[in-house]
Amino acid sequence: MSEAKRLHPAAIIFNFIRSLREAIFLIIFGYLTFSDTYFLYFILGGVALLLVLIATSVLSWYRFTYRVEEEELRIEYGVLVRKKRYISKNRIQSIDLTSGVLHRLLKLTKVNIETAGSGTDAEASLKAVKLAEGERLRSELKKGAGQETVEAQTEEDEEVVPQDQPTFKITFKRLFIAGTTSGSIGVVFAAFAFFFSQFEQFIPDEVYDTTMNWVIGLGIALMIGLAILVLLVLWLLGIAGTMIKYGNFTIVRNKDELFITRGLLEKKQLTIPLNRIQAVGVQESLIRQPLGFATVFAEVAGGSMDKGEDFSTVLFPIMKKEEVEGFLQELMPDYADQEEPFKPLPKRALKIYLGYATWPLLFVGAAVLYFIPQFFWAVLILIAVFLFLGYLQYKDAGFRVEGKRLSIRHRTFGRMTVNIYHRRMQAFEKKQHKLQKLQRLASMKVSIISKFGAGKHYKLTQLEEEDVDSLGDWYSYRKENEVPGSSAE
Amino acid sequence: MRQPPVNTIARDAIKAWKITAALYVAILWLITIGLFWLIVEFDLPGWIGWTAAGISAVSTYLFIFLLPELRWRRWRYEVFEQEIYIQHGILIVTRTIVPMIRVQHVDTSQGPILKRFQLASVTISTAATTHEIPALLEEDASELRDHISRLARVDEDDV
């Protein structure tokens with residue numbers, strides 16, 4: 001494959017759509033300014049612009065060539081300024097295939113090639129190639145020739161996954177649960193609560209008055225009905241969104257890489273080299289935790305940031321809490337065997353947690369008491385809720401050291417458990433203010449690399465000072481600090 | 001993490017910080033004077049000016065007389081064979097361990113004020129964090145930089 005190749009001609013359409021999207025403001029602006037008096041000019045200008053866009057789309061497709069030569073991916077592109085980009089094979093970290101709806105209709109795929117370099121864009125992106133060609137390119141560019149890769153499907157939707165590789169696939173039922181318990185339901189609940197409290201306010205007025213108020217009442221009922229309908233639609237959209245995003249979610253372990261395939265409409269294939277995983281965690285949101293469900297995620301170093309992606313990479317959108325251990329055992333045994341219990345915070349940390357959870361509400365409470373005292377009960381309820389949240393935050397916070405692995409558990413709203421290896425930690429920090437010093441408490445912070453070269457920090461506050469110090473000793477590379485029990489390197 | 005790092009930063013750091021703070025506080029005083037001029041000119045209520053003057057006076061005391069001294073006293077660092085140990089923070093005391101093998105690069109920099117006192121600041125970057133030692137004697141700073149970059153040259157290919 002040393003001869004230069006062009007992308008599939010469909011790339012012209014993608015180029016055109018993208019440049020059209022960029023030019024849309026110009027067109028709207030032109031329409032607003034010229035449509036009244038110089039409509040003819042607007043049409044002419046618009047047509048000219050369209051022609052230019054089409055011409056540049058075709059030209060940039062024509063100029064864009066790629067080839068694999070001397071262990072390098074060589075791309076040449078650019079209409080006015082010619083550019084060449086050579087990416088060495090062994091610098092390539094991951095190759096992702098994404099197929100949008102249009103891609104799938106034409107049996108095409110988009111190839112994103114990423115290196116360790118930081119940046120928000122993929123290092124190289126082939127907008128449209130034949131699916132088979134994309135697969136071939138991927139296996140050819142894989143580090144170390146001869147390495148077997150997952151020979152994934154060439155047929156649409158026909159997943160041929162070798163049986164001997166550990167594979168996890170989401171079931172429809174689980175996907176549905178993931179949708180119904182996704183973040184949007186929180187919004188729905190909050191809105192429901194708000195409307196019910198409003199509703200109660202309206203009822204007394206309604207009872208006393210007659211026809212006129214009946215009409216108003218009808219209006220209000222209608223409004224509430226409409227609001228509920230809107231919320232229901234939002235919720236359904238949330239479900240649909242989750243199902244489209246995570247539909248057919250499959251994760252496969254192949255040697256030292258994880259392959260993730262997901263998406264109902266836009267099909268995405270991600271490759272995660274295991275040695276780029278910095279931490280693996282489990283998130284249990286407020287809604288999912290009581291139902292016993294959790295999300296497994298990983299922090300992966302480098303790579304690009306996709307639009308609408310979270311910072312962390314989802315390894316599995318939803319599974320039962322007790323299935324997590326088996327999942328990790330199969331896919332990432334390094335992160336499995338989580339047996340020891342977490343070391344909790346000391347009792348005296350509780351009052352600090354309760355204080356932090358509620359003090360902003362004191363201002364709200366004071367303001368409400370002054371301006372609308374009849375609503376003070378709402379503040380009391382809110383305080384009670386936040387006190388409870390503070391208690392949960394205190395109760396769930398904790399840490400655990402198992403050999404060279406540190407696990408941190410904490411809660412903001414949802415409960416997060418993160419497992420980080422000693423060698424993945426970039427820095428360790430102990431923080432202590434005056435009040436903490438009096439109480440012999442301290443906070444800690446661990447930093448790891450996350451996406452697009454930025455750092456990610458995990459904090460645990462109000463620990464026993466002694467614990468933070470011994471964690472510091474555990475982390476320290478000074479030999480005299482080697483703690484008995486933590487295995488030496 | 002039980003013992004603080006042993007080395008203090010250069011004593012002249014206090015002077016350098018005071019001068020920097022004085023420059024900023026001078027701006028505050030200029031604004032205050034400007035306000036008083038506006039008050040006289042346009043017959044505005046006087047409390048605006050007095051509030052501004054109060055803020056300026058408090059800032060002068062805090063940022064020129066109080067904080068640089070405290071900050072210097074708290075600032076400590078120590079360079080070990082395997083790691084760098086830093087302590088800073090006036091109200092919240094922060095102690096940080098940065099392992100040598102995690103250090104990506106070390107920079108020294110020197111603005112006009114630091115230059116006047118032959119001082120320089122050293123910035124240590126890992127792949128996830130940056131840490132600054134704000135004022136060291138020039139030769140200490142460059143020695144530290146060389147030392148760290150020598151020690152950090154240990155090869156380890158996990159990212």
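Just so you know, these numbers use all the heavy atoms, side chains as well, and skip hydrogens, waters and symmetry mates. We name chains A, B, ... by the order of the sequence lines, and we start the count at 1 in each one.
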Check: Where on A:Met444 is there a heavy atom nearer than 4.5 Å to chain B: the side chain, the backbone, both, or neither?
Finding: neither

With a cut-off of 6.0 Å (strictly less than), are more than 12 heavy atoms of other residues, nucleotides or ligands near [atom1] of [X]?
X        : atom1 : result
B:Glu78  : CD    : yes
A:Arg348 : CZ    : yes
B:Lys15  : NZ    : no
B:Tyr61  : OH    : no

Item checked: Expected output: side-chain A:Gln426 to main-chain B:Thr126 donor-acceptor under 3.5 Å -> no

Note to self: Determine whether a donor-acceptor pair (N or O, by modelled atom type, separation under 3.5 Å) exists between the side chain of B:Arg95 and the backbone of A:Gln432.
What the structure shows: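 Not a single qualifying donor-acceptor pair exists.
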
Next item on the list: List the atom of A:Ile448, the atom of B:Ala128, and the distance in Å for their closest heavy-atom pair.
Entry: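 Nearest heavy atoms, A:Ile448 then B:Ala128: O-CB, 3.2 Å.
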
Notebook entry, point to check: Can you name the nearest heavy-atom pair linking A:Ser447 to B:Thr129, along with the distance?
Noted result: OG-CG2, 3.2 Å

Euclidean distance, [Y] [atom2] relative to [X] [atom1], rounded to 0.5 Å:
X        : Y        : atom1 : atom2 : value
A:Lys430 : B:Thr96  : NZ    : OG1   : 11.5 Å
B:Ile92  : A:Lys434 : CD1   : NZ    : 10.5 Å
A:Ile449 : B:Gln104 : CD1   : CD    : 6.5 Å

Note to self: I'd like to know if B:Arg2 pairs up with A:Glu466 as an ion pair, taking the criterion as any Lys NZ or Arg NE/NH1/NH2 lying under 4.0 Å from an Asp or Glu carboxylate oxygen.
What the structure shows: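 Yes, this pair counts.
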
Notebook entry, point to check: Is the shortest heavy-atom distance from the side chain of A:Tyr475 to the side chain of B:Pro99 under 4.5 Å?
Noted result: yes

Notebook entry, point to check: Given side chains that start at C-beta, do those of A:Tyr477 and B:Ile101 come closer than 4.5 Å, heavy atoms only?
Noted result: yes

Next item on the list: Measure from NZ or CZ of A:Arg478 to the centre of the six-membered ring of B:Tyr85 and say whether it is under 6.0 Å with the direction within 45° of the ring axis.
Entry: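 Ring-cation test returns yes.
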
Notebook entry, point to check: If you count heavy-atom pairs under 4.5 Å between each of B:Leu91, B:Val93, B:Ile90 and chain A, which one has the most?
Noted result: B:Val93

